[in-house]
Amino acid sequence: MKYNPTAIEEKWQKKWEDEKTFKATEDPAKPKYYLLEMFPYPSGKIHIGHVRNYTIGDVVARYKRMRGFNVLHPIGWDAFGMPAENAAIENKIHPAKWTHENISHMKKQLKRMGFSYDWDREVATCEADYYRWEQLFFIWMFEKGLAYKKRSSVNFCVKCDTVLANEQVESGLCWRCGTDVTEKVLDQWFFKITAYIDELLAYCDKLPGWPERVMTMQKNWIGKSTGCLVDFPRDDGQGAISVFTTRQDTLFGATFMLVAAEHPLVTQLASGKPCEKDVAAFVDKVKKQDKLMRTSEYYEKEGLFLDAYCINPLTGWKMPIYAANFVLADYGTGCVMAVPTHDQRDFEFAQKFNLQRVVVISPKDRTLDPATMTEAYVDEGVLVNSGPFNGMINTKALEDIADYLEAEGKGKRTIQYRLRDWGISRQRYWGAPIPMINCDQCGIVAVPEKDLPVVLPENVTFSPEGGSPLASLAEFVNTSCPKCGGSARRETDTMDTFVESSWYFERYCSPKHGIKPGLDRKALDYWMPVDQYIGGIEHAILHLLYARFYTKVLRDMGVVGVDEPFTNLLTQGMVCKETMKCPEHGYLFPEQGAGGKCAICGKDVILGKTEKMSKSLKNVIDPDFLVKTYGADTARMFCLFAAPPEKDLEWSEQGVDGSFRFLGRLWRIFDEYLEDIKPIAPVSGHPALADDLKTLRRKTHQTIAKVTQDIEDRFHFNTAISAVMELVNALYGVKRPDQTDQLALSVIREALEAAILLLTPIVPHMTEELWQILGHEKCASDMSWPVCDSAIASEDEMTIVIQINGKLRSRLTVPVDEPEEKIKACALADEKILSFLAGANVMKVIYVPKKLVNIVAK
RNA sequence: GCGAGAGUGGCGGAAUUGGCAGACGCACUGGACUUAGAAUCCAGCCCGCCUUGCGGUUAGGGGUUCAAGUCCCCUCUCUCGCACCA
């Protein structure tokens, strides 16, 4: 009997499909477990990253099922997005067709991997059945002021021809294509994520099941800082300039004012003055400079005096006002009070423009001289030159100065955030239409609920010049106003695709629910929240923050009953592989560089760094190839064995061979014993056993304990697999018992059955097959998880290590119940120990129960 | 620059609470089987040496401890995140 993965895998996959083995139904009698992996974008084919992500999830789902949980393990498609539209432009294929073809292909690939999804809950976000509810939620958000339209300067990617949210700009570049992001002023729809900012932040400390690192990233992104708004009256009497500061303790040292170059105040202050022209030129320059500045290594601090002054509210000093390139227009008020002695940026600026410096914080060990300082003093110290606050520790004075400002009416406490509202308008076709209508008479009017969904029209034309195809489709655009009945225009922007992925996990709970609001509260109350969410770290901010926000919005609409969508989060590492390059032909695919020679020209291949698998580096492995060559079980096993899930996984062909070999090894030992053990039941109870059988049985139960712990406590499948490998090795090590030795064979059968059941979540096809061959009627995956009998697992002897001064010198084998005193005595009487101790004095003997004896000697 | 994490054989990785460093696998070496190979099975496999044994070894240095890969301090390297946020 040979191991034939293809035949076995296809057989079981067909059975799972025909019998809907993994269909999930709400059952209040059973504890639920909602396991979710981030759903894929249907780009065409699954890649190794998917295989890894979904294998990890599948093991947990199958494991939990065997542990008696009612498991929900759904899958679907993040089906709106730009690649479909780009394909439409390039290949003249409609995005809907392209998407559906990709889905059907990838669905086959996922099924071929043997993932235990409830396919009846499959969802594709590009279907009107899905996004109609999103449109309903949009209208409700609009009514509550959580969705609003605003003319604003936005991040624009020329290549993608659309707007990007702040989160989607990575060091000045588009997160998707890496093009420089430019600024554009457009009317945009926003979701008021800032309305939930405090709750989003507060829960960062209430989600212990999330990786610290992700929470830190979210906290940083939200960027809460507490401080004061302080008013600096203008000396021309035209009101005051308000600034935000977290350092009101340095207020007495503020000697000049900085305003962001883009700030309207800049041109306003300069207007009509001799400097007006220069200022205009400066503003222009900075605006152009902006995106370069963000990406360059260091910035030249530049500024221009605006020939204007304001008054320091505490000292009464006249402060010159400068426009500066390094002040952010959209943080705080866009204006900053400058304290050159205690802020490095201000220090440099003051040096360049020769501006006044006053020390207000004095270090404990020396005195600062503003004339000779070479850098700002930013540490703690005692306040000086600070009127009534002199002598106080600056960090302690923060509250007192805030009180003082409020009492004097010169400022007030305030909190600033880095997080901005989420811009969700996209000038693209392949997305969910925003259900709004613009009427000249009535303004912005929501599409009435009864008219939903606003279906994305199919008959559009795509052009390489870009621009939204919706905007040029008259029959879509032209409509009548729901309020006044007059002619009106539809909104032609579509929603950011991150909106769809912000609630798909809720839709999975009632995927076919066709009644408003598209989510069945009863089903949601049963399944939500997601107990375990698994996906890539790249979504640490974007998707995970949006989904948290959206869930809170739905909660406040009464649609969902939970505060947070994901209780536990596992961020799996990337799949990496070394790159190969031909001096002539550039990067090579693995098969082109096999054998160290370029397949095209025969030149020696240069091996490069190990990097994340990507098409552009060509260091990719095709899952189809893996499945064809080794089978899905091997592919699954290698993904789990090569590294723990949260770490990057380095792909190795030999490693895959190794996994395949192990499965063959299990298969063969099984095959070898099959005839003999088939009629025999696994050993039960506690019969007396000969030494090697007793050892095997102990190993069996120890393995059960180890694998259970590794999966349950920390998802370390690599060590779980190696434990089963050890058990299989032990089986190989046992002398083949006589065919008539029923007791011995029953011990072997127990060991083999344990190995099979423990591997069921990991390599489900092979284990089902072996289980069936053994004569079981029930499927392995319907069995309950094996239980370790600790009486069998426990050793009756133990090895005690004997150390002298912490160095290993000898070993002792004693019964487990041997008393401490006797062990110590034996250790001291040990022949090797005696020879080492010759002439030395024993100072102390330490016994660590069941582990070691350490003799301290001089 | 700031913040977080990591650094263990030729390689991927193990060592869960301070207690035998290197589980398991890969690669390599040898043996068995075979006409031969593949496959398989068995064995060896951190480094050094005066090789039944001894010494060294968890990036480097110091410390705490009977005992440190693990705890503390310093230095180096790498990865990730943030990066003029006032």
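Computed from heavy atoms alone, side chains included, the values below leave out hydrogens, waters and symmetry copies.
In RNA chain B, runs of at least 3 consecutive Watson-Crick or G-U pairs, each pair with both distances below 3.5 Å, span B:1-7 with B:76-82, B:10-12 with B:24-26, B:28-32 with B:40-44, B:46-49 with B:53-56, B:59-63 with B:71-75.
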Could you list all N or O pairs between the protein and nucleotides 15-17 of chain B that sit under 3.5 Å apart?
{"residue": "B/rA15", "atom": "OP1", "partner": "A/R714", "partner atom": "NH1", "Å": "3.3"}
{"residue": "B/rA15", "atom": "OP1", "partner": "A/R714", "partner atom": "NH2", "Å": "2.5"}
{"residue": "B/rU16", "atom": "N3", "partner": "A/Q709", "partner atom": "OE1", "Å": "3.2"}
{"residue": "B/rU16", "atom": "O4", "partner": "A/K706", "partner atom": "NZ", "Å": "3.3"}
{"residue": "B/rU16", "atom": "O4", "partner": "A/Q709", "partner atom": "OE1", "Å": "3.2"}

Identify the pairs formed between an N or O of the protein and an N or O of nucleotides 63-69 of chain B at a distance under 3.5 Å, and give each distance.
{"residue": "B/rC66", "atom": "O2'", "partner": "A/N854", "partner atom": "ND2", "Å": "3.2"}
{"residue": "B/rC66", "atom": "O2", "partner": "A/N854", "partner atom": "ND2", "Å": "2.7"}

Distances under 3.5 Å between nitrogen or oxygen atoms of protein and nucleotides 37-40 of chain B:
{"residue": "B/rU40", "atom": "O3'", "partner": "A/R668", "partner atom": "NE", "Å": "3.4"}
{"residue": "B/rU40", "atom": "O3'", "partner": "A/R668", "partner atom": "NH2", "Å": "3.3"}

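Contact annotation: A/N718 side-chain N/O to B/rA14 OP1/OP2 distance is under 4.0 Å. Listed pair A/N729 / B/rG25 meets the phosphate criterion, a side-chain N or O lying under 4.0 Å from OP1 or OP2.
Scanning for ring pair (Phe, Tyr, Trp, His ring centres under 6.0 Å) contacts around A/Y63 gives A/W785, with sequence neighbours left out. Legend: residues meeting ring pair (Phe, Tyr, Trp, His ring centres under 6.0 Å) with A/H701, ordered by chain and number and at least two apart, are absent. The side-chain contact (heavy atoms from CB on, under 4.5 Å) search around A/E820 returns A/K824, A/Y847, not counting sequence neighbours. Annotation: side-chain contact (heavy atoms from CB on, under 4.5 Å) contacts of A/R736 (sequence neighbours excluded): A/E672, A/Y673, A/D676. Legend: residues meeting side-chain contact (heavy atoms from CB on, under 4.5 Å) with A/A324, ordered by chain and number and at least two apart, are A/L258, A/F326, A/V327, A/F349. In this structure A/D198 satisfies the side-chain contact (heavy atoms from CB on, under 4.5 Å) test together with A/K224, A/Y417, sequence neighbours excluded. In this view, A/T226 satisfies the side-chain hydrogen bond (donor to acceptor under 3.5 Å, both in side chains) rule with no residue, not counting sequence neighbours.
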Scan nucleotides 46-55 of chain B nucleotide by nucleotide, 5' to 3', and note B when protein non-hydrogen atoms come under 4.0 Å of the base, S if they reach only the sugar-phosphate, - if neither.
--------SS
